[in-house]
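Reckoned from all heavy atoms, side chains included, excluding hydrogens, waters and symmetry mates. Counting starts at 1 for both ligands and their atoms, in listed order.
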Amino acid sequence: MHVLLIGSGGREHALAWALAASPLLSKLYCAPGNAGIAEVATCVGLDIADHAAIVRFCIDNRIDFVVVGPEVPLVAGIVDDLEAANIKAFGPSKAAAQLEGSKGFTKDLCREFAIPTAAYGRFRDRASAKAYVARQTLPIVVKADGLAAGKGVIVAETGQAAEAAIDDCFAGTFGAGGAEIVIEEFLRGEEASVFALVDGEHVLPLATAQDHKRVGDGDTGPNTGGMGAYSPAPVMTPEMMRRTLEEIIRPTVRGMAARGTPFKGVLYLGVMITEDGPKLFEYNVRFGDPECQVLMMRLKSDLLAALVATVDGVLGTFDLRWHDDAALVVVMAAHGYPGDYAKGTEIRGVERARAMPGVEVFHAGTRRNGDRLLANGGRVLCVAARGKTVADAQARAYAGVHAIDWPQGFYRRDIGWRAVARERKGS
Ligand code: AMP
Ligand code: GLY
């Protein structure tokens, strides 16, 4: 098969790495890709917002299958445009991508199909939003309705902070994504990320993971796209997974199909394990970054076959095998991230890290200049490892990090701390 992968981050490098191992693959392209992806795919400098150009590339290069990594093109309807040109593509339609594209859409779906989630209200103006807050208990969560690159969620401890968040949203801090807001009850518990392939009707759960969104050690400081992750997530016991499947995922899949907009692709749930069991706090319609990196480290089966089965609607008879090992990934970012940072600084030692037992290095924001590898983004490298336990995977991943020479980069030193503490207590 000729496959085109869309995206340029660590998630896409991990997907490219797994796709490249498929016996079904004859040629892999990636648009736009990065320096790491270029080691396993032919990178093409297409503008991924230009759907007509993508369709033309697919026709000219006899692409059989497109895998869409990020949410922005999905919400913009790239899968609809590819299908209209008879090109198979992995990912939801524009209508089904609303599960990530609009938080209000998802909350209304939860209400209609009795899916457990935080109590909420939807607002288009400041006055009614503030009046709602005044009637609720604190803390309270203010969310931009639309895509906001992971920045549109504010947990407000005081009424004043909630009002400031409301003002920020309506003042355009999150762009068009903030023209409408959702205000919801604060959920107490431990978070986990759950992934499942969905073919419109059938559900094939993937492994679970937990990520670290805050920039600083001890889960402090501003939110980022994700500074590290590990899989499996110990909080997702088999019983919690069963409940999540029956109470959240299946009703969502049935509800989307009943509305005439079936969901196809990978469903990524943010769930809070509360005293009352699992509650949904968000849907994403793509793999998580960096969660995808740890899932790919643990996947034994052929990824490409699974993605094709999803699009073909045959997941009911499909199965996947996983390494029992844990996997953990540490993100290396440029100093200043998630604020301003410099590009173009030199990185050395990636090959040394990759040669270490159980270690893989996925590129997030990199480019090559001759022989030199240069940083080209906020999140730059993802150093991943597999091990018998989370502690073991953690030790290997950090050994990989230490082999990399990049003075202008930084990383968290405690990725996986919760799971490692649990393992210590259990042993
Ligand atoms: P999101 O962008 O929806 O993933 O939200 C970012 C982070 O905000 C999540 O990872 C949660 O830690 C937190 N969050 C979102 N919604 C809630 C909620 N209702 N209660 C508590 N925390 C939340
Ligand atoms: N790791 C968070 C995300 O991909 O949205």
Side-chain angles (χ1 to χ4, degrees), residues 7 9-12 14-15 69-72 74-75 99-107 110 115-121 133 136-157 162 165 169 174 177-178 181-195 208-215 219-231 233 235 266-276 278-296 329-331 333 338 362 364 378-379 382 412 415 418:
R11 164 182 53 211
E12 285 76 21
L15 291 172
E71 64 275 17
V72 171
L74 292 169
V75 171
L99 284 173
E100 178 162 2
S102 165
K103 294 193 187 292
F105 172 94
T106 294
K107 298 301 287 191
C110 289
I115 295 164
T117 187
Y120 75 106
V133 166
Q136 309 300 315
T137 52
L138 295 166
I140 192 144
V141 187
V142 179
K143 299 184 171 185
D145 182 76
L147 295 184
K151 298 187 184 79
V153 174
I154 301 103
V155 177
E157 303 285 343
C169 279
F174 307 112
I181 63 176
V182 167
I183 301 181
E184 66 180 40
E185 171 198 5
F186 179 77
L187 298 173
R188 276 174 220 283
E190 190 173 340
E191 288 179 48
S193 302
V194 176
F195 296 87
T208 60
Q210 224 152 343
D211 82 342
H212 293 267
K213 286 210 174 76
R214 303 296 196 96
V215 74
D219 295 321
T220 56
N223 263 323
T224 69
M227 294 300 291
Y230 54 95
S231 172
V235 68
V266 59
L267 201 53
Y268 157 7
L269 303 68
V271 292
M272 193 73 82
I273 304 303
T274 70
E275 277 182 351
D276 305 325
K279 289 195 178 180
L280 179 75
F281 65 80
E282 69 164 343
Y283 269 132
N284 297 298
V285 298
R286 41 139 186 119
F287 283 104
D289 187 348
E291 292 97 321
C292 184
Q293 289 83 314
V294 286
L295 296 188
M296 293 306 119
V329 61
V330 179
V331 171
F362 299 114
R379 292 192 291 175
C382 309
R412 277 184 56 168
I415 300 301
R418 264 204 195 87

* **Atoms of ligand 2, numbered as shown, that sit under 4.0 Å from any heavy atom of Gly225** =>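 Atoms satisfying the 4.0 Å criterion: 1 (N), 2 (C).
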
* **Proximal ligand 2 atoms for Asp211, defined as those under 4.0 Å from one of its heavy atoms** =>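 Close to Asp211: 1 (N), 2 (C).
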
* Heavy-atom gap Ala229 to ligand 2 smaller than 4.0 Å -> no

* **Within-shell test, Gly288 vs ligand 2, heavy atom, strictly < 4.0 Å** =>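 Gly288 counts as a contact of ligand 2 under the 4.0 Å cut-off.
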
Student check: side-chain heavy atoms of [X] and [Y] closer than 4.5 Å:
X: Gln210; Y: Glu190; answer: yes
X: Phe281; Y: Thr117; answer: no
X: Val141; Y: Ile183; answer: no

* Asked: Can you check whether Glu282 has an N/O within less than 3.5 Å of an N/O in ligand 1?
  ->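 Glu282 vs ligand 1: N/O contact under 3.5 Å present.
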
* Asked: Within the structure, does Glu291 bring an N/O atom to less than 3.5 angstrom of an N/O atom in ligand 2?
  ->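 Between Glu291 and ligand 2, an N or O pair is found under 3.5 Å apart.
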
Judged by atom type as modelled, is there a donor-acceptor pair below 3.5 Å linking the side chain of [X] to the main-chain atoms of [Y]?
X: Ser231; Y: Thr208; value: yes
X: Glu12; Y: Gly9; value: yes
X: Arg214; Y: Thr224; value: no

I need the contact type for [X] against ligand 2. Using non-hydrogen atoms and a strict under-4.0 Å cut-off, is it side chain, backbone, both or neither?
X: Phe287; value: neither
X: Arg11; value: neither
X: Arg286; value: side chain

* To do: State if Lys279 counts as touching ligand 1 under the rule of any non-hydrogen atom under 4.0 Å.
  => no

* **Arg188 touching ligand 1 at heavy-atom level, < 4.0 angstrom** =>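 Contact absent.
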
Closest by any non-hydrogen atom to [atom]: pick that one out of [options].
atom: atom 15 (C) of ligand 1; options: Lys143, Glu100, Glu191; result: Lys143
atom: atom 9 (C) of ligand 1; options: Tyr283, Phe281, Tyr120; result: Phe281
atom: atom 21 (C) of ligand 1; options: Thr117, Leu187, Ile154; result: Leu187

* **Closest contact, heavy atoms only, Asp211 versus Gly225** =>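 In this case the closest contact between Asp211 and Gly225 is OD2-O, 4.5 Å.
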
* Asked: Do you know the tightest heavy-atom contact between Met296 and Ala14?
  -> CG-O, 3.8 Å

* Side chains of Tyr268 and Glu291: donor-acceptor distance under 3.5 Å anywhere? ->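 Result is yes, a qualifying pair exists.
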
Considering the heavy atoms of [X], write down every atom of ligand 1 situated less than 4.0 Å from one of them.
X: Lys103; result: 3 (O)
X: Glu184; result: 16 (N), 17 (C), 18 (C), 19 (N)
X: Glu185; result: 18 (C), 19 (N), 20 (N)
X: Met272; result: 21 (C), 22 (N)

* When you measure from atom 3 (C) of ligand 2 to every protein heavy atom, which one gives the shortest distance, and what is it? -> Tyr268 OH, 3.4 Å

* Asked: Does Lys107 come within less than 4.0 Å of Asp145, counting only side-chain N to carboxylate O?
  ->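 Result for this pair is no, no salt bridge flagged.
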
* Asked: Do Lys143 and Ile181 pass the side chain to side chain contact (heavy atoms under 4.5 Å, CB included) test, and can you show the C-alpha distance, the side-chain angles, and the key distance before you say yes or no?
  -> CA-CA 6 Å; Lys143 299 184 171 185; Ile181 63 176; over 6 Å; no

* Asked: Run the side chain to side chain contact (heavy atoms under 4.5 Å, CB included) check on Val153 and Lys103 step by step: do they pass?
  -> CA-CA 11 Å; Val153 174; Lys103 294 193 187 292; 4.3 Å; yes

